[in-house]
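Data block below; observations after.
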Amino acid sequence: MARTILQRVRTGRGGGTAEVVEARTVRPAVDVSVIVPLHDCRPYLDRCLTSILVQRVAKEIVVVDDGSTDGGGELADLYAACHPGTVRVVHQAASGGAGRPRNTGLSLARGRYVFFCDADDYLGEEALERMLAMAERNGSDIVLGRIAGHGRRAPASMFGENAERVSLDDSAVYNSLCCFKLFRRRLLERHRIRFDETLLVGEDIVFTAHAYCHAEVISVVADYDCYHLVDRPDGTSIMQRKGSRDPVSWMRMIRRPIELVAAHVRPGPLRDHLLRRHLRLDALAHLGRPFLAAGEVERKEIAAEVAELCEDWLTDGVRERLGPVDRGRLAALEDIDRLVRLAHIESAAVRRQLLELRWEAGTTRLALAGRLALEAADAAVRLAVDGVTLLLRPRRAEGPPGTPEVPEPSGPPGPPPAEITVPVAWDGAEFAGVIDVAALSSGVWDVHVAVECEGVVRTARLGAERDRRIVRPEPRMAGAVIALPYFTRPYDNLSIDVGGHVVAAPALARLTGTRWAAGHRLVVDGRAAVCAAPAPPGAVRRLVWRERRSGRERHVPVEARVDGSFTARQALARLGPGTWDACLELDLGGPGARLRIEAATELVAPARAWWRGPVRWTAKPYATVGKGRLSVVVRAVPLSVLLGRIVR
């Protein structure tokens with residue numbers, strides 16, 4: 001019946017109130033219009049269109065052939081013939097940029113949302129499904145999906161974690177001004193947001209900045225590679241052409257999004273936050289490597305453009321948000337030689353080698369020593385290091401794939417830890433210092449070396465370049481907390497895991513005996529060790545029985561003693577039927593560390609059976625085959641079933 005009414009609404013046949021009611025509930029036929037500007041990208045077009053066709057959303061693909069000469073337009077026509085109603089192709093004269101074909105696609109789009117995909121890039125299989133779901137949950141105007149770069153640098157700062165709703169003023173989303181996002185089409189139409197067709201480069205920055213100014217809800221999908229940004233080996237894309245990022249032209253272009261921000265965002269912290277992005281990344285950044293690559297005359301032009309932008313838009317709020325390097329550049333805008341010197345320092349290679357890494361005897365102090373130099377790209381430039389320190393930066397700890405979820409240590413969460421600076425001895429060529437691991441809070445700490453030169457501080461990870469005689473220091477207990485120095489994968493840099501967040505603690509639990517007690521309780525005696533020493537009593541949290549098939553858990557208190565021994569008692573009938581694996585859970589300062597209890601067969605108590613009403617219960621402890629770990633099988637069989645078996 002519902003299908004009949006829906007068909008009448010679509011065809012216009014029939015009448016009455018039912019048609020009107022159904023018409024109001026029918027959603028648009030297209031959820032997402034994917035707009036693909038196409039110009040001489042035939043080798044990549046198959047992958048691009050296929051990646052869009054497999055998206056599990058109601059979609060249309062609008063391919064705008066912008067004067068292709070390599071057969072790409074004909075290939076797009078073939079896709080349209082094979083997928084009528086889904087793929088549409090428009091042919092137009094070459095415009096030279098992506099702005100006009102994208103605008104053409106927008107004028108034809110019917111979807112509630114639009115997504116722009118360049119013909120040489122492609123989508124992740126679940127990209128639109130995930131982004132659309134995020135938009136539906138939150139009423140989003142813009143959804144950012146994580147971008148993966150293939151030979152090209154992809155934005156990353158805004159993709160730390162999924163965000164249902166994120167504001168512009170306290171996030172990094174405005175750092176991403178490419179147009180590879182999901183936009184609500186009504187937003188674009190209401191505010192007449194279009195690409196500037198006079199721009200060959202930067203048209204998407206103007207477009208996206210304008211959209212951000214009007215978006216009420218912005219969301220982020222950070223746990224999936226939604227968009228794959230591809231570098232063309234032939235170097236024919238617009239952004240790969242020589243001069244596409246000419247500093248002077250770029251800064252003149254960037255005035256347009258800055259003026260949009262100024263027109264739509266009133267003065268205050270939000271405007272300062274957005275302007276900081278443009279002045280830092282689109283202006284002051286040109287005083288780095290691009291400045292060194294420029295000639296003497298062009299350097300003066302670059303400095304003049306930066307000075308003019310800063311004169312117009314550098315507020316006190318923006319200045320406060322800039323780092324020391326950019327503040328140094330601002331102070332030197334009228335001194336070209338000083339700007340060149342700063343650029344050499346900022347682009348210099350930090351040459352470092354770890355020469356020593358060891359625990360100081362009987363302590364939790366980690367001693368480090370190394371060699372360090374600052375090397376400019378121009379061999380004629382000499383850079384003297386004024387000072388060196390070690391810098392410990394906290395990193396959000398994530399367990400390895402497949403790690404079971406376990407409770408975090410009790411207590412209210414505190415503020416995130418701050419960076420820690422560790423002073424070192426420096427003789428002009430080598431440094432030596434000591435990290436007091438006991439002073440570090442729970443988490444993963446990445447070790448950096450910070451180098452100061454003429455007021456500029458450069459930082460670099462430490463450890464990948466090291467004396468190959470260095471071995472990873474063994475884990476060590478700092479009170480009741482375990483500290484695990486390690487070298488990361490794949491970059492081989494030094495980090496310290498305090499609490500066992502990403503590195504497995506060297507701990508074991510071994511069965512010393514089992515016995516039955518009153519109430520059909522199985523008493524488990526064992527011994528736990530950490531770093532080859534008895535586990536501290538406070539570290540033994542509880543015994544966990546986990547049902548193998550369902551994942552259900554039962555937690556049992558444990559009596560722990562100073563010699564590492566422990567005892568736990570479990571009434572097996574309370575577990576319920578199933579196969580239950582025994583784990584000892586330790587608190588070593590981080591997420592609970594679960595250890596399967598190693599068991600020898602001769603230490604396992606025999607099976608036991610008992611009646612509870614008309615049900616016969618059996619419990620059979622055993623050591624698993626192979627690894628020999630404690631488990632127990634619990635069964636409950638009603639009397640009627642037993643009698644039935646006898647009769648058969």
Side-chain angles (χ1 to χ4, degrees), residues 99 102-103 106 113-114 116 134-135 138-145 155-160 163-199 201-220 222 250-286 305-323 326-327 330:
R102 286 175 181 155
N103 283 341
L106 264 178
Y113 292 88
V114 296
F116 300 98
M134 178 72 81
N138 300 286
S140 310
D141 293 309
I142 302 175
V143 179
L144 289 74
S157 62
M158 63 296 305
F159 295 118
E164 301 286 323
R165 290 169 170 254
V166 63
S167 60
L168 282 176
D169 57 352
D170 61 357
S171 73
V173 294
Y174 194 73
N175 285 348
S176 173
L177 290 177
C178 63
C179 65
F180 310 128
K181 301 171 175 61
L182 191 71
F183 295 91
R184 186 184 296 277
R185 188 165 67 90
R186 186 173 60 190
L187 171 82
L188 305 180
E189 298 301 332
R190 177 183 298 167
H191 299 286
R192 300 179 182 178
I193 301 171
R194 290 294 185 271
F195 292 90
D196 188 331
E197 298 182 9
T198 66
L199 297 175
V201 174
E203 78 292 336
D204 55 341
I205 292 179
V206 180
F207 176 92
T208 308
H210 194 182
Y212 273 138
C213 288
H214 294 289
E216 295 182 4
V217 180
I218 302 169
S219 304
V220 179
W250 186 270
M251 284 185 281
R252 290 172 181 170
M253 175 276 296
I254 214 65
R255 284 186 170 274
R256 303 190 189 190
I258 290 176
E259 290 165 356
L260 278 169
V261 168
H264 292 96
V265 181
R266 60 189 176 189
L270 175 56
R271 184 196 277 192
D272 289 338
H273 176 70
L274 304 182
L275 291 179
R276 169 188 172 273
R277 182 256 186 246
H278 288 297
L279 291 179
R280 185 172 67 91
L281 300 181
D282 297 315
L284 293 168
H286 290 298
E305 286 292 336
V306 173
E308 188 174 343
L309 279 171
C310 291
E311 183 178 353
D312 292 341
W313 304 110
L314 181 65
T315 66
D316 290 340
V318 173
R319 186 186 295 272
E320 291 172 0
R321 288 168 168 78
L322 294 176
D326 286 328
R327 292 182 188 178
L330 288 174

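Everything numeric here is computed off the predicted structure, so don't read it as measured data.
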Query raised in the report: What is the distance from atom OH of Tyr113 to atom CZ of Arg186, rounded to the nearest 0.5 Å?
Result: 8.0 Å

Requested in this report: Please state whether the rings of His264 and His210 are parallel, tilted or perpendicular, taking 30° and 60° as the class boundaries.
Outcome: tilted

Report summary line: Rounded to the nearest 0.5 Å, the CG atom of Asp196 sits from the CD1 atom of Ile205 at a distance of 12.0 Å

**Report entry** pair Val173-Lys181: side-chain heavy atoms closer than 4.5 Å
**Finding:** no

Requested in this report: Calculate, to the nearest 0.5 Å, the distance between atoms CH2 and CD1 belonging to Trp313 and Ile254 respectively.
Outcome: 12.5 Å

**Report entry** Minimal non-hydrogen separation, Thr208 against Ser176, with atom names
**Finding:** CG2-O, 4.2 Å

Query raised in the report: Between Arg276 (side chain) and Leu322 (backbone), is there a donor-acceptor pair under 3.5 Å?
Result: no

Report summary line: Residues passing the side chain to side chain donor-acceptor pair (under 3.5 Å) test with Glu164, sequence neighbours excluded, are Arg137, Asn138

Query raised in the report: How far apart are the closest heavy atoms of Ala211 and Phe183, and which atoms are they?
Result: CB-CE2, 3.8 Å

Requested in this report: Quick one: pull up CG in Asp326 and CZ in Arg321 and give me the separation to the nearest 0.5 Å.
Outcome: 14.5 Å

Query raised in the report: Could you give the distance from CZ (Arg255) to CG (Leu309), rounded to the nearest 0.5 Å?
Result: 4.5 Å

Requested in this report: Output yes when Asp204 and Arg102 qualify as a salt bridge under the 4.0 Å nitrogen-oxygen rule, no when they do not.
Outcome: no

Query raised in the report: Is Glu216 paired with Arg184 through a side-chain N to carboxylate O contact shorter than 4.0 Å?
Result: no

Query - Where Val265 and Cys213 come nearest, the two heavy atoms and their spacing - result: CG2-SG, 4.4 Å

Query raised in the report: Do you know the tightest heavy-atom contact between Ile142 and Ala215?
Result: CD1-CB, 3.8 Å

Query - Sequence-distant partners of Thr315, side chain to side chain donor-acceptor pair (under 3.5 Å), two or more places apart - result: Asp272

Query raised in the report: Considering residues, nucleotides and ligands other than Asp316, do more than 12 of their heavy atoms fall under 6.0 Å from its CG?
Result: no

Requested in this report: Provide the closest heavy-atom pair for Cys310 versus Leu330 in the form atom of the first, atom of the second, distance.
Outcome: SG-CD2, 3.6 Å

Query raised in the report: Does Tyr212 use its side chain to pair, donor to acceptor, with the backbone of Ile218 at less than 3.5 Å?
Result: no

Report task. Starting at SG of Cys178, measure out to CG of Leu144 and round the result to the nearest 0.5 Å. Result -> 7.5 Å

Report summary line: Taken in chain and number order and not counting sequence neighbours, the residues that satisfy side chain to side chain donor-acceptor pair (under 3.5 Å) with His278 are Tyr174, Asp282

Requested in this report: Would you mind reporting whether Met158 and Val220 have side-chain heavy atoms less than 4.5 Å apart?
Outcome: no

Query raised in the report: Is any side-chain heavy atom of His214 less than 4.5 Å from a side-chain heavy atom of Leu187?
Result: yes

Query - Ser171 versus Val166, closest heavy-atom pair with distance - result: CB-CG2, 3.2 Å

Query raised in the report: Under 3.5 Å, is there a donor-acceptor pair between the side chain of Arg277 and the main chain of Asn175?
Result: yes

